[in-house]
Amino acid sequence: MPIPSKSKELDRLSYTPELSASMVYTELERYHLDTIFDPLASTSGAAGYFKLQNIRIISNDFSLFTYVKGKALWENNVFFIPEEVLNVLTDTKARLPKLDHYKKLGGIYLTDTERKWLEYWRKVVNEIREEYIRALSETAVCLVIDHWITAKRFGETFEWKPQDLLKFYIGHVNRNILDNEESNEMWLTDPTELAEKSVADVLFINPPS
C-alpha cells in the first residue's frame with residue numbers, strides 16, 4: 001500500500017516494529033550466542049532483552065539520551081540512584097529556579113512549573129560526581145518528560161506531583177539494574193567504524209520507522 005503523501009495522513013500512521021529481540025533470540029538460541037552487536041540501539045529495549053538472556057551486548061546510537069541510558073542500564077554496573085540523591089531531587093521544599101534552559105521545551109505540553117522542576121533537576125543532576133548515578137538520574141528525568149508530553153498529547157489526566165512522578169521513575173530505573181557478568185559496551189559513535197572493530201555472533205539492526 002503506498003504511503004499517503006499528505007502530512008495530516010502521515011501524522012495518523014502508526015508503526016509497529018517488524019523485528020523484535022525475542023524473535024531473534026528464539027530463532028538463534030540453539031547456536032549458543034555469545035555476543036550481539038546492535039549498531040542502532042535506540043530505545044527499543046533490544047539490548048536490555050539480550051542482557052537478560054546473559055548475552056554480551058555491544059550497542060551504539062547517535063542519540064545522546066540513548067547513549068546515557070545505555071551506559072547506565074545496558075553496561076554492567078553496581079550503582080543505584082541512592083536515597084540521598086532521591087531525597088534532594090524530590091524535595092517538596094525545593095526552591096525552583098527561574099526558567100532558563102527549558103523555556104520552550106515541550107511547547108504547549110509542559111507547564112512553566114514543570115519546566116522549573118526540570119531546571120531544578122538539571123542543577124542537582126549536574127552536581128552528581130559519579131558518572132553512572134548521574135546517567136541513571138538523567139534517565140529517570142527523561143522518563144518524566146516523556147510521561148508528561150505523551151499524556152497531554154493524548155488527552156490523559158493525572159494527579160502526579162512532579163516530585164512524586166520522578167520518585168516513581170527513579171524506582172523503575174533502580175529495579176532495572178542488572179549485572180549479567182558480561183563485558184557489555186555502549187557507544188556514541190559512527191556504527192560503520194565500530195563494526196570494523198567489533199567481534200560478535202549476530203548483527204541486530206532494527207532501524208527507526
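Just so it is clear, the values below take in all heavy atoms, side chains as well, and ignore hydrogens, waters and symmetry mates.
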Measure across [X] and [Y] and return the closest heavy-atom pair with its distance rounded to 0.1 Å.
{"X": "Pro39", "Y": "Ile205", "result": "CG-CG1, 3.8 Å"}
{"X": "Leu99", "Y": "Asp112", "result": "CD1-OD1, 3.7 Å"}
{"X": "Gly48", "Y": "Trp74", "result": "N-NE1, 3.6 Å"}
{"X": "Leu143", "Y": "His172", "result": "CD1-CD2, 3.9 Å"}
{"X": "Ser42", "Y": "Thr66", "result": "O-CG2, 2.8 Å"}
{"X": "Glu119", "Y": "Pro97", "result": "CB-CG, 3.5 Å"}

| query | Is the CD atom of Glu83 crowded by more than 12 outside heavy atoms at less than 6.0 Å? | reply |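 12 or below, so no.
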
| said: Looking at Glu181, I want to see if its CD is surrounded by more than 12 non-hydrogen atoms of other residues, nucleotides or ligands under 6.0 Å. | reply: no

| query | Are Phe50 and Phe204 close enough that their ring centres sit under 6.0 Å apart? | reply | yes

Interatomic distance, [X] atom [atom1] to [Y] atom [atom2] [nearest 0.5 angstrom]:
{"X": "Arg56", "Y": "Thr35", "atom1": "CZ", "atom2": "OG1", "value": "5.0 Å"}
{"X": "Arg122", "Y": "Glu138", "atom1": "CZ", "atom2": "CD", "value": "10.0 Å"}
{"X": "Leu136", "Y": "Glu131", "atom1": "CG", "atom2": "CD", "value": "10.0 Å"}
{"X": "Ser63", "Y": "Leu40", "atom1": "OG", "atom2": "CG", "value": "11.5 Å"}
{"X": "Leu166", "Y": "Ile145", "atom1": "CG", "atom2": "CD1", "value": "10.0 Å"}
{"X": "Lys51", "Y": "Ser59", "atom1": "NZ", "atom2": "OG", "value": "10.0 Å"}

For residues [X] and [Y]: do they belong to one hydrophobic cluster (side chain heavy atoms under 4.5 Å, members Ile, Leu, Val, Met, Phe, Trp, Tyr)?
{"X": "Trp160", "Y": "Ile149", "result": "yes"}
{"X": "Phe154", "Y": "Ile108", "result": "no"}
{"X": "Tyr31", "Y": "Ile36", "result": "yes"}

| remark: Contacts satisfying ring-ring contact (aromatic ring centres under 6.0 Å, His included) that involve residues 93-116 (not counting sequence neighbours) are none

| said: Which label fits Trp121 and Trp117: parallel for a plane angle under 30°, tilted from 30 to 60°, or perpendicular past 60°? | reply: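 Rings of Trp121 and Trp117: tilted, 30 to 60°.
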
Using a 4.5 Å cut-off on heavy atoms from C-beta on, say whether the side chain of [Y] contacts that of [X].
{"X": "Pro162", "Y": "Val144", "answer": "no"}
{"X": "Leu89", "Y": "Gln163", "answer": "no"}
{"X": "Ile133", "Y": "Phe79", "answer": "yes"}
{"X": "Leu86", "Y": "Lys167", "answer": "yes"}
{"X": "Phe37", "Y": "Leu194", "answer": "yes"}
{"X": "Tyr132", "Y": "Glu75", "answer": "yes"}
{"X": "Trp187", "Y": "Ile58", "answer": "yes"}
{"X": "Asp61", "Y": "Leu188", "answer": "no"}

| message | For the residue pair Asn180 / Asn76, report whether a side-chain donor-acceptor contact shorter than 3.5 Å exists. | response |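 Asn76 vs Asn180: donor-acceptor pair found between side chains.
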
| said: The test is side-chain contact (heavy atoms from CB on, under 4.5 Å); show your working for Asn174 and Asn176 and say whether it passes. | reply: CA-CA 5 Å; Asn174 279 345; Asn176 278 273; over 6 Å; no

| Test side-chain contact (heavy atoms from CB on, under 4.5 Å) applied to Val124 and Tyr120, step by step | CA-CA 6 Å; Val124 173; Tyr120 172 72; 3.7 Å; yes

| request: Evaluate salt bridge (charged side-chain N to carboxylate O under 4.0 Å, His left out) for Lys152 paired with Glu114, printing each intermediate quantity in order. | output: CA-CA 13 Å; Lys152 291 175 186 176; Glu114 290 165 346; 2.7 Å; yes

| field | Intermediate values then yes/no, side-chain contact (heavy atoms from CB on, under 4.5 Å), Ile55 and Asp34 | value | CA-CA 5 Å; Ile55 296 173; Asp34 177 67; over 6 Å; no

| When you look at Glu127 and Lys123, which way does the salt bridge (charged side-chain N to carboxylate O under 4.0 Å, His left out) test go after all the steps? | CA-CA 7 Å; Glu127 292 174 353; Lys123 178 179 180 297; 3.2 Å; yes

| request: Would you check, one step at a time, whether the test side-chain contact (heavy atoms from CB on, under 4.5 Å) holds for Ile57 with Glu185? | output: CA-CA 6 Å; Ile57 309 153; Glu185 303 173 22; over 6 Å; no

